[in-house]
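Everything below concerns the one structure shown next.
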Amino acid sequence: MLSMIAMVIKLLIGGATSYLLSSFAIKNISETDHLKITAVGVFSTALFSITSQIDGAGPHVLSAGGLLFIIFLSKTLSSEMKNSQKILFYSSTIIGLFIGFGYIFQGIILSFLVYYITFNKSDLFSILVDDEDDEDNEDEITIK
């Protein structure tokens, strides 16, 4: 009975995290993509919660099979999404994996990190672009 209560709590936290992450990160997200992101977060949380309880002391064969199934499902469901929505989709899957295995605090921290990256992606990518330009200029200086 206690394991069922823990699973319900994991499902609630996984569903809330994937729903809130996709709601706050992208403002004009379509309903179908929002539903896909939330559903895959809840599904991965449930799948890994069940496999970790069933396969608790074993070699985790069920968890590896569940991971392959989630990868295949994520690839097929995200084929028509934009790149920013794909980032949220795959991160929601990974966050669901963490929460499903019982690492709730780490999953919540990871969701804040993904939110920060999607919210400040222009600043982060401008740093990367500026570094590449500086390296090209340094190469030209050393050649002369």
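Just so it is clear, the model here is predicted, and its values are computed rather than measured.
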> Are Lys36 and Gln85 close enough, and set up right, to give a side chain to side chain contact (heavy atoms under 4.5 Å, CB included), and what steps lead you there?
Replying inline: CA-CA 10 Å; Lys36 285 180 186 179; Gln85 293 173 355; over 6 Å; no
> Taking side chain as C-beta onward, heavy atoms only, is Leu67 less than 4.5 Å from Phe48?
Replying inline: yes
> Using a distance-only test with no angle check, is there a side-chain donor-acceptor pair under 3.5 angstrom linking Tyr90 and Ser78?
Replying inline: yes
> Roughly how far, to the nearest 0.5 Å, is the NZ atom of Lys75 from the CD1 atom of Ile70?
Replying inline: 15.5 Å
>> Just verifying a value: how many Å separate Phe98 CZ and Thr17 OG1, rounded to the nearest 0.5 Å?
In response: 13.0 Å
> What is the ring orientation for Tyr115 with Phe24, classed by angle as parallel under 30°, tilted 30 to 60°, or perpendicular over 60°?
Replying inline: perpendicular
> Would a 4.5 Å heavy-atom cut-off, applied to side chains only, mark Ser91 and Leu110 as touching?
Replying inline: no
> Any idea which heavy atoms bring Leu97 and Ser44 closest together, and the distance?
Replying inline: N-OG, 3.9 Å
>> Distance check, rounded to the nearest 0.5 Å: Met7 atom CE versus Met4 atom CE?
In response: 6.0 Å
>> Determine whether a donor-acceptor pair (N or O, by modelled atom type, separation under 3.5 Å) exists between the side chain of Ser18 and the backbone of Gly15.
In response: yes
> Between Ser111 and Ile108, what is the shortest heavy-atom contact and its length?
Replying inline: OG-O, 2.6 Å
> Passes side chain to side chain contact (heavy atoms under 4.5 Å, CB included), Phe69 versus Phe43? Steps please.
Replying inline: CA-CA 11 Å; Phe69 178 70; Phe43 183 70; 3.5 Å; yes
>> Within the supplied structure, the quantity of interest is the number of heavy atoms (other residues, nucleotides, ligands) at a distance under 6.0 Å from Phe89 CZ; does it exceed 12?
In response: yes
>> Does any part of the side chain of Leu113, heavy atoms only, come nearer than 4.5 Å to the side chain of Ile117, both counted from C-beta?
In response: yes
>> If you count every heavy atom of other residues, nucleotides or ligands that lies below 6.0 Å from Tyr19 atom OH, does the total exceed 12?
In response: no
>> Could you measure the distance from the CG atom of Leu88 to the CD1 atom of Ile37? Nearest 0.5 Å is fine.
In response: 5.0 Å
> Out of curiosity, Ser30 OG to Glu80 CD, how far, rounded to the nearest 0.5 Å?
Replying inline: 10.0 Å
> Roughly how far, to the nearest 0.5 Å, is the NZ atom of Lys10 from the CD1 atom of Ile5?
Replying inline: 13.0 Å
> What are the two closest heavy atoms between Leu77 and Met81, and how far apart are they?
Replying inline: O-CE, 4.3 Å
>> With side chain to side chain contact (heavy atoms under 4.5 Å, CB included) as the criterion, how do Leu11 and Ser49 come out once you've worked through the C-alpha distance, each side chain's angles and the decisive distance to 0.1 Å?
In response: CA-CA 9 Å; Leu11 284 175; Ser49 178; over 6 Å; no
> Which atom names give the shortest non-hydrogen contact between Val40 and Ser92, and what distance separates them?
Replying inline: CG1-OG, 4.4 Å
